[in-house]
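Notes follow the structure.
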Amino acid sequence: MSPRAAGYVAALGLLLFAVQARAQARLDRAATFTQSAPQAASRELLRRTLTPMAYARIDATLAHLGKTLAVQSVDPAGEQFMVYVPAGPAPPSGYGLLVFVPPWDDARLPDGWASALDEHNVILVSALHSGNGQSIVDRREPLALLAEANILQLYRVDPSRVYIGGFSGGSRIAMRLALAYPDIFRGVFLNSGSDPIGSAAIPLPPADLFRVFQERTRLYFATGSDDLMNLAQDGASARAMREFCVFNIEKRTVPDMAHEPASGRVLSDGLSFLAAPSDEDAGALASCRDGLSKDMQARVQRIRADLSSGNRDEAQDLLVELNNRYGGLAAPDIAALSAVP
């Protein structure tokens, strides 16, 4: 065979290999992981997801009982995960990653999602036995964080395209984790499930984390036109986001869809939005933050005045309100006010 012919054969072989590789997506419905992760540690998870007063009560209760907090509530080696890896090699910058929190316990990839994941070169990982009936703090949240950490150990992933999402009750967990871990998740895909932030149930994280969430986290809501309850919740959630200076939001009402997973086309649209650069108005963000700061400090001053005048019951009620509305954003003030004798 001539050198030129040999070159043609070699090139054809490489082309066939590339076509074959491109055609082979990988779906493992029972993957196992071994790596623990500091972000999934119990204390770190509670610090980020509880209000300051609730977090302080945990320590007080443990001290009273003479117990200590478990370092981590789940062992990844004893769990199973569904992993979908798109067809073809990783892009030069790395795969995207979608950590999916399901409402069900089994390994289930929604219909049509594989094509959207292939289109955007996004890996999907989802923990089994992480459905709505499982503990939020002890299982669902740490399992999602462990899933993210282990995929990053196994694959080349672009950190600017690491997202979290979910369906129904899983979407609500995804929103909690996106709020608490904006240093990990750049966006969240909320499929038929959301809640307003700024409450005892969904508190704001510490100030440094919340600033990151405001500046770069993108939120894509996708709910069916016939899913009226969750459409209303999306509206309340989006309003609360804007009230707390979170503007990178896209809301999509899917025609003729009830309470069900979004189609692959909707997922693809969501992934495109999440990958786009942040487009918030810096002036509007600064002005909004200033308004929040003034309101928070006015509340702090009123509590201090009540404490100084001996109105301790009134001060305590206002402190609880401050704690529930501003959460970790007001953590230093809450600690100082709680320590007043």
Side-chain angles (χ1 to χ4, degrees), residues 24-49 69-91 93-110 113-114 117-118 120-167 169-171 173-178 180-189 267 271:
Q24 291 178 344
R26 299 185 295 283
L27 175 61
D28 187 345
R29 296 183 183 274
T32 56
F33 298 146
T34 60
Q35 296 294 316
S36 59
Q39 63 264 36
S42 298
R43 185 161 293 279
E44 180 64 6
L45 182 59
L46 295 176
R47 182 184 77 87
R48 292 174 180 241
T49 60
L69 191 66
V71 174
Q72 191 166 283
S73 59
V74 292
D75 176 6
E79 304 294 336
Q80 292 182 317
F81 300 81
M82 179 180 70
V83 180
Y84 180 85
V85 181
S93 60
Y95 289 108
L97 172 63
L98 175 62
V99 178
F100 179 70
V101 185
W104 47 72
D105 276 341
D106 59 354
R108 196 184 314 174
L109 186 66
W113 282 31
L117 296 168
D118 288 347
H120 292 272
N121 279 306
V122 171
I123 294 172
L124 182 143
V125 61
S126 180
L128 277 67
H129 309 294
S130 182
N132 289 346
Q134 304 289 342
S135 169
I136 293 174
V137 175
D138 291 335
R139 285 194 58 79
R140 302 183 83 188
E141 291 178 337
L143 282 171
L145 295 166
L146 288 167
E148 182 271 341
N150 277 270
I151 290 296
L152 263 62
Q153 291 289 322
L154 296 171
Y155 297 93
R156 187 167 74 252
V157 173
D158 179 355
S160 71
R161 293 202 302 139
V162 176
Y163 315 125
I164 189 163
F167 167 62
S171 182
I173 302 303
M175 197 189 75
R176 285 170 54 92
L177 288 173
Y181 289 86
D183 48 340
I184 294 177
F185 302 113
R186 295 295 187 93
V188 55
F189 182 78
L267 175 62
L271 291 173

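No hydrogens, no waters, no symmetry mates; every other heavy atom, side chains included, goes into these values.
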Do [X] side-chain atoms and [Y] backbone N/O form a donor-acceptor pair below 3.5 Å?
X: Asp138; Y: Ser73; result: no
X: Asp105; Y: Gly131; result: yes
X: Arg140; Y: Ala174; result: no
X: Asp106; Y: Arg108; result: no
X: Arg186; Y: Val162; result: no
X: Arg156; Y: Pro91; result: yes
X: Arg29; Y: Ala107; result: yes

Taking C-beta and beyond as the side chain, do [X] and [Y] meet within less than 4.5 Å on heavy atoms?
X: His120; Y: Leu98; result: no
X: Arg161; Y: Leu271; result: no
X: Val101; Y: Ser126; result: no
X: Glu79; Y: Pro142; result: no
X: Ile151; Y: Val99; result: no
X: Val122; Y: Leu124; result: no
X: Leu46; Y: Leu69; result: yes

Looking only at heavy atoms, which two atoms of [X] and [Y] are closest? And how far apart?
X: Phe81; Y: Val125; result: CB-CG2, 4.3 Å
X: Val85; Y: Tyr95; result: CG1-OH, 3.8 Å
X: Asp118; Y: Ala87; result: OD1-N, 3.2 Å
X: Tyr181; Y: Leu45; result: OH-CA, 3.3 Å

Kindly compute the distance separating [atom1] ([X]) from [atom2] ([Y]), expressed to the nearest 0.5 Å.
X: Thr32; Y: Leu128; atom1: OG1; atom2: CG; result: 11.5 Å
X: Thr49; Y: Glu44; atom1: OG1; atom2: CD; result: 9.5 Å
X: Glu141; Y: Ile164; atom1: CD; atom2: CD1; result: 8.5 Å
X: Asp28; Y: Gln80; atom1: CG; atom2: CD; result: 9.0 Å

Step by step, would you call Asp158 with Asn121 a side-chain contact (heavy atoms from CB on, under 4.5 Å)? CA-CA 11 Å; Asp158 179 355; Asn121 279 306; over 6 Å; no

Passing candidate, side chain to side chain contact (heavy atoms under 4.5 Å, CB included) with Glu148, options Leu143, Leu177, Leu97: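 Of the listed residues Leu143, Leu177, Leu97, the side chain to side chain contact (heavy atoms under 4.5 Å, CB included) partner of Glu148 is Leu97.
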
If the plane angle is over 60° it's perpendicular, under 30° parallel, otherwise tilted; pick one for Phe100 and Trp104.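 Rings of Phe100 and Trp104: tilted, as their planes differ by 30° to 60°.
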
Apply side-chain contact (heavy atoms from CB on, under 4.5 Å) to Arg48 and Gln39, showing your working. CA-CA 10 Å; Arg48 292 174 180 241; Gln39 63 264 36; 5.5 Å; no

Let me see the working for Phe185 and Leu145 under side-chain contact (heavy atoms from CB on, under 4.5 Å), right down to the final yes or no. CA-CA 10 Å; Phe185 302 113; Leu145 295 166; 4.0 Å; yes

Begin from the C-alpha positions of Leu146 and Phe33 and carry the test side-chain contact (heavy atoms from CB on, under 4.5 Å) through to its verdict. CA-CA 8 Å; Leu146 288 167; Phe33 298 146; over 6 Å; no

